[in-house]
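Below, read A as the first sequence line, B as the second, and so on, with proteins coming before strands; counting in each chain starts at 1.
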Amino acid sequence: MPGIAAPLIAWYRGSARDLPWRRPGFGAWGTLVSEFMLQQTPVARVIPHLEAWLGRWPTPADLAAAAPAEAVTQWANLGYPRRALWLHRAAVEIRDRHDGTVPRDVDALLALTGIGDYTARAVAVFAYGDRHPVVDTNTRRVLARVVDGVAQPGPPGKADLARMTAELPDDIGEAAIVNAAAMELGAIVCTARAPKCDVCPLAAQCAWRAAGYPASEDRRRRQAKYEGSDRQARGAVLRVLREAAPAAVLLDDVVPDWPDPVQRDRAIDSLISDGLAEAEGGALFLPR
DNA sequence: TACCCGTGGTT
DNA sequence: TAACCAAGGGT
């Protein structure tokens, strides 16, 4: 196995997308915000929201000084609004525990609300240039194909970090590029559907290609239907609160014609439980 | 571990 | 057009 680092680095230098968070001097806070937004939301949808967010709150302290409601409102339709709440909490934690500076230490990053294995290492590597394995779904798919010879990766786990570490060059700068390049390759070449193997820098050494592209047994759970789901109900309720903010909305006026009133009430209760809404005096509003 | 959590573009 | 997919994390 010749190793994937050298061809990945060469390919990345010539083919990587020009993305805002890759600009020199983008800053650790910008990187952190971008990573929150990129959790399960496509790049193209993130970019305009990211720039607006950083324009409004250029530092963690700026966001920490705002009400959670403002963060949830600014999050708009990016989806998974708990991320907005968690990003706000992380900003408060950064202000209170780290003197307003995004921490560099992976364990300190992991201790922040809403930051897990991927985001913690992404900040440490892309913002601070340290040497850690950064493993996202794209990286796992690339390794599954090139190294394991299977179409799709198994379930994510701690072992992913060790196997990515094994692919990283000793040179810190090169290690950071390999992390970014594996993600980038998975995002634009080694895609889930219709991979572009004719332009892949790893095609010559790809075990999946050599094996004739065997299909993986599909152990993936089908994504739950959105139409009629609790998630849709929550989304509808939260949209009303966002559009009314900072005003509260009478409970009777919160999606009053929702087809299933029991589901509507369940959505409201779960939003309150998550801290995304508060109720008082028969009215519902975003957390202040 | 399995499941839950939004939204909109693509096939 | 219904299903798939998207730089995950918390519980």
Side-chain angles (χ1 to χ4, degrees), chain A residues 12 16-17 19-22 26 30-50 72 75-87 89-90 109-127 132-142 152-161 164 176 179-195 218-242 266-267 269-277:
Chain A
Y12 186 83
R17 292 167 293 178
L19 299 172
W21 44 91
R22 292 177 179 162
F26 192 67
T31 300
L32 180 60
V33 174
S34 75
E35 294 298 349
F36 263 86
M37 291 185 171
L38 287 164
Q39 292 169 4
Q40 298 288 280
T41 299
V43 165
R45 289 182 55 204
V46 161
I47 289 174
H49 288 281
L50 173 65
V72 173
W75 195 260
N77 63 341
L78 276 173
Y80 292 139
R82 291 191 292 193
R83 291 181 292 161
L85 199 58
W86 292 343
L87 177 52
R89 288 180 189 166
L109 287 160
L110 285 168
L112 299 175
T113 301
I115 294 191
D117 282 329
Y118 165 76
T119 304
R121 290 172 178 79
V123 171
V125 171
F126 302 140
H132 302 283
V134 182
V135 179
D136 76 337
T137 187
N138 292 307
T139 297
R140 295 194 313 108
R141 185 173 55 252
V142 168
Q152 293 173 6
K158 292 292 184 188
D160 298 330
L161 296 177
M164 188 58 188
N179 277 310
M183 293 169 58
E184 185 75 351
L185 188 74
I188 66 178
V189 173
C190 192
T191 49
R193 292 179 294 188
D218 241 356
R219 61 169 77 82
R220 293 172 304 172
R221 235 177 69 91
R222 260 183 52 198
Q223 189 171 29
K225 188 173 163 186
Y226 185 63
E227 187 68 27
S229 67
D230 281 12
R231 293 156 85 164
Q232 184 186 35
R234 284 169 53 106
V237 170
L238 203 60
R239 171 183 292 269
V240 168
L241 298 186
R242 251 193 272 122
R266 186 165 65 241
D269 288 343
S270 72
L271 287 169
I272 292 171
S273 172
D274 285 347
L276 278 166

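Distance check, rounded to the nearest 0.5 Å: CG of A/Leu87 to CG of A/Leu32 gives 6.0 Å. Atom-to-atom distance recorded for A/Arg89:CZ and A/Ile115:CD1 is 13.5 Å, nearest 0.5 angstrom. Remark: A/Thr31 OG1 to A/Leu50 CG distance equals 9.0 Å, nearest 0.5 Å.
In this structure, the side chain to side chain donor-acceptor pair (under 3.5 Å) partners of A/Ser270, at least two apart in sequence or on a different chain, are A/Arg234. Residues that satisfy the salt bridge (charged side-chain N to carboxylate O under 4.0 Å, His left out) test with A/Asp230, not counting sequence neighbours, are A/Arg266. With sequence neighbours excluded, the residues that form a side chain to side chain donor-acceptor pair (under 3.5 Å) with A/Arg231 are A/Tyr80. Every salt bridge (charged side-chain N to carboxylate O under 4.0 Å, His left out) that A/Arg121 has, sequence neighbours left out, goes to A/Asp117. Under the rule for a side chain to side chain contact (heavy atoms under 4.5 Å, CB included), the partners of A/Arg45 that lie at least two apart in sequence or sit in another chain are A/Thr41, A/Pro42. Partners of A/Asn77 according to the side chain to side chain contact (heavy atoms under 4.5 Å, CB included) rule, which considers only residues two or more places apart in sequence or in another chain, are A/His49. With sequence neighbours left out, A/Pro156 forms a side chain to side chain contact (heavy atoms under 4.5 Å, CB included) with A/Arg140, A/Asp160. When the side chain to side chain contact (heavy atoms under 4.5 Å, CB included) test is applied to A/Ala122, the partners found at least two apart in sequence or on another chain are A/Glu35, A/Tyr118, A/Phe126, A/Val134.
Here A/Arg242 reaches the OP1 or OP2 of B/dT7: one of its side-chain N or O atoms lies under 4.0 Å away. For A/Thr119, a side-chain nitrogen or oxygen approaches OP1 or OP2 of C/dG9 to under 4.0 Å.
Atom CZ in A/Arg45 sits about 13 Å away from atom C1' in B/dT10, given to the nearest Å. Nucleotide B/dG8 holds its C1' atom 16 Å from the CG atom of A/Leu38, rounded to whole Å. Rounded to a whole Å, the OH atom of A/Tyr226 is 18 Å from the C1' atom of B/dT10. Rounded to an integer number of Å, the gap from NE2 of A/His49 to P of B/dT7 is 11 Å. Taking atom CG on A/Leu276 and atom P on B/dC4, their separation rounds to 18 Å, with Å as the unit. Between the CG atom of A/Asp160 and the C1' atom of C/dG9 there is a distance of 15 Å, given to the nearest Å. Between the CG atom of A/Leu185 and the C1' atom of C/dA7 there is a distance of 14 Å, rounded to whole Å. Nucleotide B/dG6 holds its C1' atom 13 Å from the CG atom of A/Asp230, rounded to whole Å.
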Going by atom type alone, with no hydrogens or angles, which donor-acceptor pairs under 3.5 Å involve a side-chain atom of residues 184-192 of chain A and a protein atom two or more places apart or on another chain?
residue  : atom : partner  : partner atom : Å
A/Glu184 : OE1  : A/Arg17  : NE           : 3.4
A/Glu184 : OE1  : A/Arg17  : NH2          : 2.8
A/Glu184 : OE1  : A/Arg22  : NH1          : 3.4
A/Glu184 : OE1  : A/Arg22  : NH2          : 2.8
A/Glu184 : OE2  : A/Arg17  : N            : 2.9
A/Glu184 : OE2  : A/Arg17  : NE           : 2.9
A/Glu184 : OE2  : A/Arg22  : NH1          : 3.4
A/Thr191 : OG1  : A/Arg193 : O            : 2.8
A/Thr191 : OG1  : A/Ala194 : O            : 3.4

What protein N or O atoms touch nucleotides 1-4 of chain C N or O atoms at under 3.5 angstrom, if any, and at what distances?
none

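Note on A/Asp274: nothing from the nucleic acid sits closer than 4.0 angstrom, heavy atoms only. Across all strands shown, A/Arg121 has no heavy atoms under 4.0 Å from either base or sugar-phosphate atoms. No contact: A/Ala122 has no heavy atom under 4.0 Å from any strand. A/Trp75 comes within contact range of no nucleotide atom at all, as no heavy-atom separation falls under 4.0 Å.
Nearer the 5' end of DNA chain C, as judged by each residue's closest nucleotide, is the contact made by A/Pro42, out of A/Gly116 and A/Pro42. Comparing A/Arg239 and A/Gly157 by the nucleotide of DNA chain B whose heavy atom lies nearest to each, the residue mapping closer to the 5' end is A/Gly157.
As rounded to the nearest Å, C/dA7 and B/dC3 have P atoms that lie 23 Å from one another. For C/dT11 and B/dG6, the P atoms lie 14 Å apart once the distance is rounded to whole Å.
Sorted by residue number, the members of residues 77-85 of chain A with any non-hydrogen atom under 4.0 Å from DNA chain C read A/Arg82. The stretch residues 134-142 of chain A comes close to DNA chain C through A/Asp136, A/Thr137, A/Asn138, A/Arg141, each having a heavy atom under 4.0 Å from the strand.
Residue A/Thr41 places no side-chain atom within donor-acceptor reach of the base of B/dG8, judged by atom type and a 3.5 Å distance cut-off alone.
A pairwise comparison of heavy atoms in A/Pro133 and A/Met164 identifies CB-CB, 3.8 Å as the closest pair.
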